[in-house]
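To start, the structure under review is shown below, and the notes come after it.
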Amino acid sequence: MDLQNLKEHHEELLSFMENNGYSSTYIRRFREELNRILAKADSHDWQSYRDVYLDYLKAPHSKDYLRNKRTIIGALEQFDDFGRMPDGRSRHTLFERVSYHLLCSEFRELIDFYRIYEKKRGKKESTILLYHSLLC
């Protein structure tokens, strides 16, 4: 995972947040997560921001704590990869809105096969996604 952009420009993100009325607590949480990611990137085998978040799942945490981490890490991903500043409206893209990412790899492969197979059979993408979301 290349963090050079984040290293060079993260202060711009924090300044933007300060100048746009984000709370000092929220900015502190961003700063702490930034420092954690930058400090531990070399010692972890992170390939994406999703991997950074999944690291938190290795220890027990509350749902609220994990939701907060997803939000912050997702916003950092949007800033680092796309140059997007947080706007309070855009949702991060660490995970799809369904529970697909929580499934074991064998079941994800089965669902992926289903999606490809049904597309070849001519089903509309919206129908496939509906069934996919019902499975997950």
Side-chain angles (χ1 to χ4, degrees):
M1 188 164 109
D2 182 15
L3 296 173
Q4 191 61 37
N5 184 47
L6 190 64
K7 286 178 188 175
E8 293 175 4
H9 300 283
H10 70 274
E11 287 301 328
E12 293 172 28
L13 170 65
L14 298 173
S15 293
F16 171 85
M17 294 175 75
E18 289 171 359
N19 295 333
N20 286 278
Y22 285 83
S23 74
S24 59
T25 302
Y26 197 57
I27 295 168
R28 180 182 45 79
R29 289 178 183 162
F30 265 77
R31 187 179 309 279
E32 289 170 356
E33 193 60 41
L34 276 161
N35 291 336
R36 177 184 173 273
I37 290 170
L38 294 174
K40 295 186 175 193
D42 293 335
S43 63
H44 286 71
D45 190 28
W46 294 330
Q47 301 299 314
S48 67
Y49 283 93
R50 182 174 187 254
D51 293 339
V52 173
Y53 171 73
L54 291 175
D55 226 25
Y56 281 103
L57 297 181
K58 294 177 182 175
H61 295 290
S62 72
K63 288 180 183 180
D64 289 337
Y65 178 85
L66 292 173
R67 182 176 34 251
N68 183 279
K69 289 299 179 183
R70 269 193 316 272
T71 300
I72 292 171
I73 294 168
L76 292 174
E77 175 191 43
Q78 291 297 309
F79 173 75
D80 188 25
D81 292 349
F82 307 108
R84 295 182 191 136
M85 297 293 187
D87 63 6
R89 293 183 302 270
S90 300
R91 182 164 158 59
H92 63 76
T93 57
L94 284 178
F95 298 106
E96 294 181 37
R97 293 193 81 154
V98 295
S99 300
Y100 175 84
H101 64 281
L102 298 173
L103 300 172
C104 67
S105 60
E106 293 85 5
F107 198 65
R108 283 194 311 260
E109 288 176 18
L110 180 62
I111 289 175
D112 292 342
F113 174 79
Y114 161 79
R115 291 175 74 178
I116 292 167
Y117 178 76
E118 292 298 327
K119 188 168 182 99
K120 287 180 181 176
R121 286 187 53 211
K123 274 197 180 168
K124 293 189 303 184
E125 188 65 29
S126 59
T127 303
I128 295 170
L129 288 175
L130 172 66
Y131 290 152
H132 170 260
S133 66
L134 293 174
L135 290 171
C136 297

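As the structure is a computational prediction, the values presented were derived from the model and not from experiment.
Remark: Arg84 qualifies as a cation-pi partner of Phe82 under the 6.0 Å distance and 45° angle criteria applied to the six-membered ring.
Within 6.0 Å of OH in Tyr117 there are 12 or fewer heavy atoms belonging to other residues, nucleotides or ligands. Around NZ of Lys119, the count of heavy atoms belonging to other residues, nucleotides or ligands within 6.0 Å does not exceed 12.
Salt bridge status for Arg31 with Glu11: present, with a side-chain N to carboxylate O gap under 4.0 Å. Under a 4.0 Å N-O distance rule, the pair Asp55/Arg36 qualifies as a salt bridge. With respect to the salt-bridge test (charged N to carboxylate O, under 4.0 angstrom), the residues Glu33 and Lys40 do not qualify.
The two residues Gln47 and Asp51 have their closest heavy-atom pair at N-OD2, 2.8 Å. Closest of all the heavy-atom pairs between Ile27 and Tyr22 is CD1-O, 3.5 Å. For the residue pair Met1 and Ser48, the shortest heavy atom distance occurs at SD-C, 3.2 Å.
Note on Ile73 and Leu66: same hydrophobic cluster, where clusters join Ile, Leu, Val, Met, Phe, Trp and Tyr whose side-chain heavy atoms are under 4.5 Å apart, directly or indirectly.
Atom CG in Asn35 sits 13.0 Å away from atom CZ in Phe30 (nearest 0.5 Å). Between the CG atom of Leu38 and the NZ atom of Lys7 there is a distance of 6.5 Å, given to the nearest 0.5 Å. Taken to the nearest 0.5 Å, the CD atom of Gln4 stands 10.0 Å off from the CG atom of Asp80. With rounding to the nearest 0.5 angstrom, the CD1 atom of Ile37 is 6.5 Å from the CG atom of Leu6. Once rounded to the nearest 0.5 Å, the distance linking CG of Asn20 with CE of Met85 reads 9.0 Å. Rounded to the nearest 0.5 Å, atoms CZ (Arg115) and CG (Asp112) are 7.0 Å apart.
Side-chain contact check for Leu110 versus Glu106: every heavy-atom pair is 4.5 Å or farther apart. Looking only at side-chain heavy atoms (C-beta outward), Pro86 and Thr71 stay at 4.5 Å or farther from each other.
By the 30° and 60° cut-offs, the orientation of the rings of His61 relative to Tyr56 is perpendicular.
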Under the salt bridge (Lys or Arg N to Asp or Glu O under 4.0 Å) rule, what do Arg121 and Glu118 come out as? Steps first, then yes or no, please. CA-CA 5 Å; Arg121 286 187 53 211; Glu118 292 298 327; 3.1 Å; yes

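Aromatic rings of Tyr53 and Tyr49 (six-membered ring for Trp) have centroids beyond the 6.0 Å cut-off, not under it.
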